[in-house]
Amino acid sequence: YEYGASGPDTFDCSGLVMWAYARVGVDLPHNSSAQYYECSSHFYDMSQAKPGDLVFYGYGAGERHVALYVGGGVMIEAPHAGAVVRETAVRTYGGFDGFGRL
C-alpha cells in the first residue's frame, strides 16, 4: 500500500480498483468517493453481490475505502499503509457502506 499509487506494483485502495477496471477497458477516477458516485446502483445485501462489484467503507463527507468483490464473500483490497494487497472476507461491520455496481 502507498497512498496515491495506482500500480502495477504498489496501490492505494482506489488505485487498485482503477487499475483492475482499466484492464477491461473501464476508466474510473482515482478516488474512492468518486468511484462510489460512478456506480449505477448501491445495495447492502451480499446475496446480491456479483464479482466485479465494489465494496465501500466509510460514509459522509470523509474519504471512503473501496475494495473489489471477487465472489463467495471475498474481496481484494489495498487496506492501509504498511499492508500488502490481500484477499479477505467482506467485512459487513466497521463502517461498511455497502456494495456498488458499475
Side-chain angles (χ1 to χ4, degrees):
Y1 180 97
E2 181 180 332
Y3 182 79
S6 58
D9 298 317
T10 306
F11 298 95
D12 67 5
C13 67
S14 62
L16 175 63
V17 169
M18 182 181 76
W19 182 86
Y21 265 91
R23 306 283 68 76
V24 294
V26 177
D27 291 326
L28 289 176
H30 190 176
N31 177 280
S32 54
S33 289
Q35 290 174 356
Y36 180 87
Y37 292 109
E38 288 282 323
C39 293
S40 60
S41 64
H42 296 95
F43 52 95
Y44 290 92
D45 186 348
M46 195 178 326
S47 70
Q48 296 176 357
K50 297 180 181 181
D53 285 343
L54 305 185
V55 187
F56 292 99
Y57 296 89
Y59 43 85
E63 182 70 15
R64 286 182 166 87
H65 175 64
V66 63
L68 185 62
Y69 187 68
V70 296
V74 175
M75 65 183 184
I76 296 174
E77 67 175 342
H80 54 77
V84 296
V85 171
R86 66 185 180 191
E87 188 175 87
T88 187
V90 172
R91 300 176 301 278
T92 56
Y93 56 88
F96 176 67
D97 197 23
F99 296 90
R101 183 162 300 149
L102 295 167

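The structure presented is a predicted model; accordingly, all values stated were derived computationally and were not measured.
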So do the side chains of F96 and V55 get within less than 4.5 Å of each other, counting heavy atoms only? yes

Output a table of donor-acceptor pairs, distance under 3.5 Å, between side-chain atoms of residues 17-25 and any protein atom two or more places apart or on a different chain; print 'none' if there are none.
from : atom 1 : to  : atom 2 : distance (Å)
Y21  : OH     : G52 : O      : 2.3
R23  : NH1    : W19 : O      : 2.9

Side-chain donor-acceptor contacts of residues 65-78 below 3.5 Å, not counting sequence neighbours, with atom names and distances?
from : atom 1 : to  : atom 2 : distance (Å)
H65  : NE2    : E77 : OE1    : 2.7
Y69  : OH     : G72 : N      : 3.2
Y69  : OH     : G73 : N      : 2.9
E77  : OE1    : R91 : NH2    : 3.2
E77  : OE2    : R86 : NE     : 3.0
E77  : OE2    : R86 : NH2    : 2.9
E77  : OE2    : R91 : NH1    : 3.0

ring-ring contact (aromatic ring centres under 6.0 Å, His included) against H80, all qualifying residues, sequence neighbours excluded: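 Listed in chain order: nothing, the list is empty.
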
Non-hydrogen atoms of P79 and V84 that approach each other most closely: CD-O, 3.4 Å

Which heavy atom of F56 sits nearest a heavy atom of S32, and at what distance?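 Taking F56 first and S32 second, the nearest heavy atoms are CE2-O, 3.6 Å.
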
Please tabulate, one pair per line, all N/O donor-acceptor pairs under 3.5 Å involving side-chain atoms of residues 6-13, not counting sequence neighbours.
from : atom 1 : to  : atom 2 : distance (Å)
D12  : OD1    : G15 : N      : 2.7
D12  : OD1    : H30 : NE2    : 2.8
D12  : OD2    : G4  : N      : 2.9
D12  : OD2    : H30 : NE2    : 3.3

Joint cluster assignment, F99 & Y57, ILVMFWY side-chain distance < 4.5 Å: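 Linked, F99 and Y57 end up in one cluster.
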
Does anything in residues 48-58 form a salt bridge (Lys or Arg N to Asp or Glu O under 4.0 Å)? List the pairs, not counting sequence neighbours.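 The answer is D53-R101.
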
Give every donor-acceptor pair under 3.5 Å between a side-chain atom in residues 42-49 and any protein atom, sequence neighbours left out.
from : atom 1 : to  : atom 2 : distance (Å)
H42  : NE2    : Y36 : O      : 2.9
Y44  : OH     : D97 : OD1    : 3.2
D45  : OD1    : S47 : N      : 2.9
D45  : OD1    : S47 : OG     : 2.7
D45  : OD2    : S47 : OG     : 3.0

